[in-house]
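We name chains A, B, ... by the order of the sequence lines, and we start the count at 1 in each one.
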Amino acid sequence: MVLLWGSNAREAHPIYFHHVLKGLDNGTKMYAVDPRRTSSTKFADAWLGLNVGTDIALANAVGREIIAADLHNKEFIAHATQGFEQYQAAVEEYTLENTETITGVPAEAIREMAHVYAAAGTAQILWTLGITEHHNAVENVLSLCNLALLTGHVGRWGSGLVPLRGQNNVQGGGDMGSLPNKFPGFQDIGDPTAQAKFEATYGMRLPAKPGLHLTLMFEAMERGEIKGLYVIGENPADSEADVAHARKVLSGLDILVVQDILMTRTARSADVVLPAAVGWAESEGTVTSSERRVQRVRPAVSPPGLARQDTDIIGDLANRLGVDWGNPTPQELWDELRSLSPMHAGMSWERLESAGGLQWPCRDLEDPGSPFLHGWLWAEDLEGREPAPFSVCQHEGPKEKLSAEFPLRLTTGRALDSYNTGVQSGGFASPIRYGDSIDINPTDAHALGLADGQRVRVCSPRGSIETKVRIQPDIPVGLTFTTFHFPELIDVNQLTNPEWDRRSGTAEFKAAAIRIEHLHSNGAKPMTDDPALDLERTTEPANG
Amino acid sequence: MTITEVSVSLTINGRAVSVPQGTSLLAACESIGIETPTLCWAENLTPVNVCRVCVVEVEGSRALVPSCARAAEENMVVHTESPRVRHSRKMVLEFLGSSTDLSQASDLAVWMRHYQADPNRYGQTDVPAERIVEEPKVQDDLYVRDYDKCVLCYKCVEACGDDAQHTYAIAVSGRGFNSRISTEFDTVLPDSACVYCGNCIGVCPTGAIQFKTEFDMRAVGDWRPESQDVTTTVCSFCGVGCNLELHTQDNKIVKVTSPADHSVTHGHLCIKGRFGWQYVQPPTVSPRD
Amino acid sequence: MADLFIGDDLADDIEIAAVAAAVGATNTVVHAGERLVYGGTQRRRDHRHLLLPALHALQNAKGWISPGGLNHVCTLLQVPPAEAYGVATFYEMFRLDEPDYGPGVSHVTHVCVDAACQIAGSRELIAELEASGAQVHRSPCLGQCERPPAQFHQGIGRPDLVPADFAAGGAGLGGSPTEKIPQQGDPSLRLLRNVGVVDPTSLEAYRANGGYQALDRAIAMGADAVCSAVAGSGLSGRGGAAFPTGIKWRAVAAEQGRPKHVVANCDESEPGTFKDRVVMENDPFAVIESLTLAGFATGAENGWIYIRGEYPLATARLQNAVNQAQDAGLLGSNAAGSGQRFDIEIRRGAGAYICGEETALFASLEGFRGEPRSKPPFPTTHGLFSEPTAINNPETLINTLDIVLYGAEQYRRRGTERSPGTKLLCVSGRVTKPGVYEVEFGVSLGEVLALAGPLTGSGRLAAVLMGGAAGSFVGPDALDLPLTLEDTRERGTTLGSGVIMAFTDEIDMTAVALRIAEFFRNESCGQCVPCRVGTVRQHETMLQLQTAGGLGAKRRKLIEDISQVMVDASICGLGHTAASAINSAFDLGLLPGGRNDDN
Ligand SMILES: Cc1cc2nc3c(=O)[nH]c(=O)nc-3n(C[C@H](O)[C@H](O)[C@H](O)COP(=O)(O)O)c2cc1C
Ligand code: SF4
Ligand code: SF4
Ligand code: FES
Ligand code: FES
């Protein structure tokens with residue numbers, strides 16, 4: 001059984017979804033939870049259209065129903081978990097009826113989903129940004145983890161919790177230590193053993209205190225505590241929530257250095273641009289996918305003009321700053337990582353080549369890698385670990401409440417043929433791209449007197465933009481939707497809520513309050529198109 | 001397919017062979033170095049066994065059997081070079097050569113020579129042999145469908161449908177010799193269900209479906225497979241980890257495929273992986289300039 | 001359910017109403033509420049078999065299947081439009097382009113151009129009809145070969161009909177048993193005993209003449225004993241392949257744990273064959289009773305009748321029989337008191353010879369293109385919906401009534417040791433009394449022709465087509481041939497579906513052979529290369545024969561080469577037999593002799 005929750009994998013992870021489809025063809029049942037009736041949900045045995053931001057209530061109700069129907073896995077709970085009693089008490093108020101009121105999903109469907117999930121031989125919960133782009137993202141995730149703990153649908157072949165990663169190497173980035181509080185291999189900064197090991201290898205003292213994540217960095221920049229920023233392969237001038245603010249903050253820096261393959265909006269406002277090679281087509285290295293599979297990338301073409309490998313640029317920079325890092329090959333860098341990160345130790349360059357990728361943890365050369373995690377939950381002695389904790393999560397709803405002034409909910413997502421801020425996917429002429437628009441239900445459109453294709457103004461408490469209306473029966477009443485692929489056309493991140501989850505640093509992209517206004521023939525200015533960004537490959541360093 | 005540890009023993013061309021139960025005769029032949037022509041079979045698709053170019057003779061079976069779809073059975077006696085087998089393979093190749101444009105089906109050319117197939121012996125001036133005549137369908141900037149090269153192997157339909165993409169934008173329409181791969185009412189692709197995953201291109205054995213880049217380069221005589229390289233790498237567009245094979249010519253990417261044996265993709269991609277590379281470099285030629 | 005893309009064209013009210021009447025207005029895959037939608041792969045699969053009835057409804061409503069109509073059906077049944085289009089274009093009876101008929105056209109007249117009608121003036125009839133402004137469609141055999149040239153009216157906004165049914169006064173259901181068969185009243189008739197005698201529209205009349213005694217007896221005997229009796233009788237399939245029925249039933253009976261099906265293959269499209277039609281129209285309850293009996297014997301709860309689309313009267317009478325049987329409790333949750341559920345659904349084909357091939361029939365019924373599937377696996381394990389299925393010809397089925405009633409031994413008293421029982425023969429061509437004959441296996445070909453005789457035309461026999469287009473020609477020297485499975489096989493011919501079509505020596509046999517070649521070319525499903533291209537190349541070579549008045553050595557070799565690959569490498573029986581009649585015509589010297597040149 002598959003519980004697809006807040007994920008439009010059909011469009012955002014199409015090849016992963018092929019595997020889901022194979023399962024469905026073979027008789028797997030799928031329940032889909034999503035405010036929108038996305039293309040993924042159309043493959044489901046049932047779609048449950050909940051109100052935006054009510055995931056925790058729904059998850060708690062499912063948990064409560066599983067317990068009430070005595071379908072929870074008592075043996076597993078006793079063996080491998082802790083905190084069940086508190087959890088049971090906490091979900092008590094989430095009766096089917098209460099939850100129907102909160103979520104808008106018929107009680108009967110919640111009951112049915114709970115029963116099917118609990119009774120399944122194997123079951124997976126899949127989620128994407130629908131769960132994580134909320135101010136209470138971590139609680140959202142934990143509320144789903146509770147369901148897996150309740151039923152024992154975790155740590156076994158075919159069962160588990162599957163967060164789908166949006167980018168080819170977000171997993172790898174974290175693995176490599178691109179987190180403010182971690183060394184590569186998820187070793188804690190400040191942990192004396194790890195600290196000593198890394199300092200010995202790097203030959204220098206390392207800060208023992210975690211750094212800042214992106215959202216905190218912006219706050220620090222705003223306060224003037226950070227004066228210079230070195231951006232590698234990111235486009236925060238388009239991708240941050242409340243971009244107008246983000247752009248202002250960036251422009252107040254003393255120095256902005258951008259290393260990128262394309263002349264993005266952020267690069268255009270930089271003091272120094274360092275043109276780089278395209279990671280997956282012009283460089284040697286590895287990336288790590290959602291399933292923790294490390295795979296090799298290889299150069300097929302040489303970078304244009306003066307664009308250089310990231311490693312070369314960074315090495316040179318180090319050199320200018322007075323350290324000599326030599327000229328290591330990607331394989332040498334990888335071997336250094338293996339010596340420092342035990343979970344990568346078994347992944348020799350040769351094995352990555354011959355096995356076509358390995359899944360961490362892979363601790364030595366004999367280790368075949370790990371297709372799934374958390375198997376220890378089923379081990380006799382839990383491999384010496386603490387039992388997994390249930391978490392008490394309470395329903396809060398979106399920070400930004402609907403009001404008379406802003407009566408519609410706006411949520412965002414991806415379309416199949418486009419990607420993130422459109423920087424890369426803008427490069428080919430997709431016949432199925434429908435351009436900037438805001439999706440709205442026919443009933444709401446009728447009430448507002450809107451026609452399909454009509455241009456309108458969309459206002460949130462933070463700003464307003466112009467776009468065109470797309471009438472979509474698949475959107476529930478009261479909800480609107482737009483992709484975030486057209487920042488230069490529909491600056492949706494001017495509307496989204498910068499309230500972010502304090503634990504994950506992710507902003508609440510999924511739930512803003514808006515209203516839609518007619519454009520008046522007089523008065524309102526026609527939208528001045530931001531001059532279409534010229535995203536040709538940068539070949540010259542723009543040296544300030 | 002469930003291939004268990006149980007093995008079966010059979011005889012192929014007089015040689016004893018033992019293979020795991022569930023192994024196709026095609027794979028059994030391959031295991032002892034016997035090469036078999038195939039057209040509608042692919043390792044990443046369910047066998048439809050319609051082309052019949054892979055037939056072999058199984059003693060006790062009245063008709064020849066498609067080796068790609070028939071599993072090896074205990075004590076089977078198989079012949080791959082008998083006169084009946086050679087005749088059928090030759091005739092299938094002749095039939096296809098006499099009715100479709102196989103100029104880009106390079107694998108078949110080798111087998112045509114091997115079986116001395118002569119597609120020109122059909123038709124006379126008074127009654128010419130009917131051929132499939134279709135204009136190339138150029139309906140967008142991504143790929144071209146040129147159905148007079150189509151041998152109706154059903155691969156694209158399977159890749160678009162149940163075997164991978166589940167989009168069902170194309171199906172076989174019509175009947176008999178008038179069968180064609182088609183959208184509903186032959187509507188143009190941009191108005192159809194097509195989501196441009198390009199998985200049909202990936203499986204087409206004859207070039208009936210091909211990248212627009214390849215089509216354009218061929219049109220100006222600049223398609224040079226012999227000077228192309230293939231590099232396997234990983235797609236940059238989401239976190240699934242699809243392997244890409246970048247086909248390059250003169251330091252330019254000219255098309256993208258995925259290895260059929262890769263456990264993530266099974267050779268299938270989405271629009272971003274298949275066509276999203278164009279930002280790395282603009283398309284090579286445009287004959288319309 | 002899937003994320004289907006449905007275009008902008010909309011159905012009109014007529015189309016929507018027609019589809020609702022055919023598949024039920026609420027019978028949709030997607031059950032939509034505002035915040036809860038049920039769908040899914042299983043529901044989608046469960047509804048797919050309604051596609052063919054829905055397409056029929058559209059075609060009938062407007063005289064074609066419009067893009068809007070197709071979109072509507074695809075939305076209801078969640079079928080991808082490209083697939084639905086692929087299915088619709090497979091069938092002769094469906095049009096996908098808007099016809100330019102003038103106003104008030106109420107039907108299209110299908111006129112048969114196959115052999116029996118070809119030699120009885122179908123060409124002249126077509127010319128006449130076209131001159132009168134009728135919309136004419138040239139059709140393969142319409143299963144009315146005893147009354148050539150045959151016609152069928154495909155209705156637009158009104159039901160389909162066969163004009164000859166009205167001539168005979170038998171149209172609709174109200175009619176009495178008016179069919180006159182040549183052997184009417186012969187007390188030795190078994191399979192045809194009710195034909196023309198018992199009112200085919202009345203269950204009461206059927207029962208009064210001994211109907212449903214066999215089913216009662218079967219239930220009393222138990223399923224196992226019924227299978228034993230059928231196996232012991234030596235009954236073999238009458239659809240053409242002559243497979244032992246008892247073995248088939250036993251195999252299905254042995255399958256446990258999955259839904260099972262019995263199917264009556266009433267597609268009857270083999271040129272020259274019309275016996276099933278005569279039985280279905282005039283003794284429909286026998287078909288229903290015997291199908292129920294088959295369901296009981298095999299433990300199958302689902303009965304299906306797949307009947308060719310050009311048989312409106314037989315369809316109506318079978319449907320009437322099903323309804324009456326249902327009302328009488330002879331079908332349903334406790335069918336005839338058997339303690340077992342058994343229901344029958346009737347499905348119309350839409351003009352495709354290949355859909356008589358059993359696996360193609362399953363595909364068609366399931367809502368896919370009528371393309372045969374590879375065997376193995378066989379229908380007894382992977383039949384309809386990939387579930388265990390016993391499929392039989394209706395003539396095969398009605399034989400089981402006597403077997404159960406009187407026992408295998410009694411049954412075996414007729415016919416020969418290896419071909420027990422009686423056989424229905426479809427006698428047509430140049431004979432005085434064409435029609436269906438029931439004879440014991442073992443009578444000679446000459447005796448049968450004498451029954452239907454004397455010959456008409458020149459009166460001099462040139463050849464007899466045995467077993468239909470998929471069979472072969474025999475010459476006048478074969479009049480002594482005993483009509484049994486074993487003797488025909490030994491003489492290199494076949495009884496097939498019971499076709500005996502007589503040709504006298506004034507007939508242009510080249511034209512007949514050419515038409516047979518064209519038939520296979522048109523009817524090939526197109527799936528496999530040997531048959532898709534082979535039937536075309538064979539037809540072209542026959543055209544060359546006609547234009548050049550003979551074939552040189554190279555072309556004769558071609559004919560042989562083509563025939564060999566079709567026999568050896570085709571997927572199904574259509575390709576396997578597509579060259580057989582033509583080969584036999586060459587062998588018998590019915591076609592212009594070889595020429596000496598090289599071509
Ligand atoms: C091209 C082709 C057409 C066929 N048409 C029919 C048909 O119209 N009716 C029929 O009963 N069997 C037909 N058959 C035979 C069926 O495949 C199958 O053998 C038969 O329905 C089994 O029933 P039986 O055992 O009672 O004969 C056809 C076979 C082929 C190859
Ligand atoms: S277009 Fe290509 S893949 Fe599709 S059926 Fe034709 S030859 Fe096969
Ligand atoms: S032999 Fe002919 S009819 Fe049968 S599957 Fe092949 S193409 Fe279709
Ligand atoms: S490759 Fe086996 S039938 Fe086509
Ligand atoms: S109806 Fe014309 S040949 Fe059968």
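With sequence neighbours excluded, no residue forms a salt bridge (charged side-chain N to carboxylate O under 4.0 Å, His left out) with Asp229(B). Take Lys155(B) and apply the salt bridge (charged side-chain N to carboxylate O under 4.0 Å, His left out) test, not counting sequence neighbours, and it matches no residue.
Chosen from Thr231(B), Leu269(B), Leu244(B), Asp163(B), the residue pairing most often with chain A at heavy-atom distances under 4.5 Å is Thr231(B). Counting heavy-atom pairs closer than 4.5 Å to chain A, the top-ranked of the candidates Leu246(B), Val264(B), Asn243(B), Asn251(B) is Asn251(B).
Between the side chain of Asn169(A) and the backbone N or O of Thr288(A) there is at least one donor-acceptor pair closer than 3.5 Å. Judged by distance alone, with hydrogens and angles left aside, the side-chain atoms of Gln249(B) form a donor-acceptor pair with the main-chain N or O of Asp222(B) at under 3.5 Å.
Heavy atoms closer than 4.5 Å to chain A are found in both the backbone and the side chain of Thr167(B). At a 4.5 Å heavy-atom cutoff, Cys197(B) makes no contact with chain A through either its backbone or its side chain. At a 4.5 Å heavy-atom cutoff, the contact between Leu21(A) and chain B is made by backbone and side-chain atoms alike. Within the 4.5 angstrom heavy-atom criterion, no atom of Leu189(B) approaches chain A. Looking at Asp261(B), neither its backbone nor its side chain comes within 4.5 Å of chain A, counting heavy atoms on both sides. Contact annotation for Val230(B): neither backbone nor side-chain heavy atoms come within less than 4.5 Å of a heavy atom of chain A. Neither the backbone nor the side chain of His247(B) comes within less than 4.5 Å of any heavy atom in chain A. At a 4.5 Å heavy-atom cutoff, the contact between Asn199(B) and chain A is made by side-chain atoms alone. For Thr248(B), the part sitting under 4.5 Å from any heavy atom of chain A is the side chain, from C-beta outward, and nothing else.
For Glu30(B), the CD atom is loosely surrounded, since the number of other residues' heavy atoms within 6.0 Å does not exceed 12.
In this structure, the ring of His13(A) has its center no less than 6.0 angstrom from the ring center of His18(A). The aromatic ring centres of Tyr143(B) and Phe215(B) sit 6.0 Å or more apart.
Pairs engaging residues 185-205 of chain B under the salt bridge (Lys or Arg N to Asp or Glu O under 4.0 Å) rule: Lys137(B)-Asp186(B) [sequence neighbours left out].
When side chains are defined from C-beta on, Pro371(A) counts as touching Gln359(A), because their heavy atoms get closer than 4.5 Å.
Residues of residues 292-302 of chain A placed with any heavy atom under 4.5 Å of a heavy atom in chain B are listed by number as Arg293(A), Gln295(A), Arg296(A), Val297(A), Arg298(A), Pro299(A), Ala300(A), Val301(A), Ser302(A).
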side-chain hydrogen bond (donor to acceptor under 3.5 Å, both in side chains) between Ser192(B) and Thr183(B), worked out: CA-CA 7 Å; Ser192(B) 79; Thr183(B) 55; 5.7 Å; no
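A donor-acceptor contact closer than 3.5 angstrom is absent between the side chains of Asp146(B) and Gln210(B).
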